[in-house]
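Here's the structure we're looking at; comments come further down.
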Amino acid sequence: MWIFGYGSLIWKTGFTFESREPAFINGWQRRFCQASPDHRGTPEFPGRVVTLIQAPGEQCHGIAYRLPSDQLEEIIEELDYREKNGYERLAIDIHFRDRTELGFVYHADEQNPSFVREESPFEIANRISQSHGPSGSNIEYVLELQKALREQQIIDSHVTELADLISGQAFEPPSTE
Ligand code: SIN
């Protein structure tokens, strides 16, 4: 059984796996449009984490993990708990350089109550830079994700833009006048 990770599962794996390989899924994009009241924020001030949005013709690159069949049930139970805020397991074709395997991915769809619509990169970055939750700061989530993607030679312009904004490299608050 394979699981495709595209967010925290890339850099904060936290479960046992047999092997990990770079992989991608077709027709999806990684986006910071899922509110996080439980990991990177609080119910009063939720942070922002990634989910997948449909994007025909696009690919989302990440890491696929092969799960040990004798521990499958407990690993999935733990992951279901970790990803409980709006994410559902979705069966998906996971593409590798040399083959395709059927696996699953945690996907929070647009109907889930924590899905956030139409925020600008500035609004997302602003929110992220102020959010902290039980799993740590929201800034850490973005910067660790960006670092892990870079290590895999994955360029994701959305993640890069947010990482640059919160690192202050392109931070230009809108004028209040
Ligand atoms: C994932 O990493 O694949 C799911 C989203 C997250 O936990 O950040």
Side-chain angles (χ1 to χ4, degrees), residues 1-42 46-55 58-67 72 74-96 101-116 119 124-125 127-129 131-152 154-156 158-163 166:
M1 171 66 81
W2 289 87
I3 173 172
F4 178 78
Y6 58 93
S8 72
L9 296 187
I10 295 182
W11 61 272
K12 198 176 184 182
T13 308
F15 57 85
T16 308
F17 56 87
E18 279 176 354
S19 58
R20 81 198 284 269
E21 285 181 54
F24 64 91
I25 53 175
N26 277 329
W28 298 94
Q29 258 174 355
R30 177 175 19 237
R31 280 287 175 273
F32 275 85
C33 51
Q34 181 70 1
S36 177
D38 56 346
H39 283 297
R40 299 286 159 176
T42 61
R48 295 289 181 269
V49 292
V50 287
T51 182
L52 296 167
I53 57 165
Q54 281 186 353
E58 300 284 332
Q59 295 177 340
C60 176
H61 288 260
I63 298 285
Y65 301 89
R66 190 185 170 90
L67 302 179
L72 208 54
E74 62 216 65
I75 294 171
I76 290 179
E77 202 179 310
E78 277 172 29
L79 284 173
D80 282 357
Y81 182 75
R82 168 172 164 174
E83 304 292 329
K84 65 184 181 310
N85 183 55
Y87 294 86
E88 304 279 351
R89 272 180 270 130
L90 180 72
I92 199 149
D93 278 336
I94 303 176
H95 301 282
F96 299 87
E101 305 266 4
L102 181 64
F104 70 92
V105 64
Y106 282 94
H107 172 232
D109 73 15
E110 298 188 12
Q111 268 67 54
N112 91 86
S114 293
F115 191 84
V116 184
E119 274 185 324
I124 300 172
R127 160 72 60 160
I128 286 171
S129 52
S131 298
H132 296 261
S135 300
S137 79
N138 209 168
I139 289 178
E140 177 194 44
Y141 182 105
V142 179
L143 297 185
E144 289 296 327
L145 178 58
Q146 168 74 341
K147 191 169 137 214
L149 293 175
R150 283 277 164 87
E151 282 167 9
Q152 298 295 325
I154 300 169
I155 307 286
D156 183 315
H158 176 63
V159 179
T160 301
E161 182 176 22
L162 292 175
I166 62 176

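In listed order, ligands and their atoms are each counted from 1. Everything quoted here is computed from the prediction, not taken from an experiment.
For Asp38, the side chain to side chain contact (heavy atoms under 4.5 Å, CB included) partners two or more places apart in sequence, or in a different chain, are Ser36, Lys84, Asn85. In this view, His95 and Phe24 satisfy the ring pair (Phe, Tyr, Trp, His ring centres under 6.0 Å) rule, not counting sequence neighbours.
For residues 4-15, the set of pairs meeting the salt bridge (charged side-chain N to carboxylate O under 4.0 Å, His left out) definition, not counting sequence neighbours, is empty.
Taking the six-membered ring where tryptophan is involved, the planes of Tyr6 and Phe4 are essentially parallel, since the angle between them stays under 30° and well short of 60°. Classified by interplanar angle (parallel below 30°, tilted 30° to 60°, perpendicular above 60°), the ring pair Phe32/His158 is tilted.
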Item to check | Working for side-chain hydrogen bond (donor to acceptor under 3.5 Å, both in side chains), residues Asp80 and Tyr106 | outcome: CA-CA 9 Å; Asp80 282 357; Tyr106 282 94; 2.6 Å; yes
Starting from the N and O atoms of ligand 1, find every protein N or O within less than 3.5 Å and list the pair with its distance.
unit_1   : atom_1 : unit_2 : atom_2 : d
ligand 1 : 2 (O)  : Gly7   : N      : 2.8
ligand 1 : 2 (O)  : Ser8   : N      : 3.1
ligand 1 : 2 (O)  : Leu9   : N      : 2.9
ligand 1 : 3 (O)  : Tyr6   : N      : 3.0
ligand 1 : 7 (O)  : Ser8   : OG     : 2.7
ligand 1 : 7 (O)  : Glu83  : OE1    : 3.1
ligand 1 : 7 (O)  : Glu83  : OE2    : 2.8
ligand 1 : 8 (O)  : Ser8   : N      : 2.8
ligand 1 : 8 (O)  : Ser8   : OG     : 3.2
ligand 1 : 8 (O)  : Tyr141 : OH     : 2.5

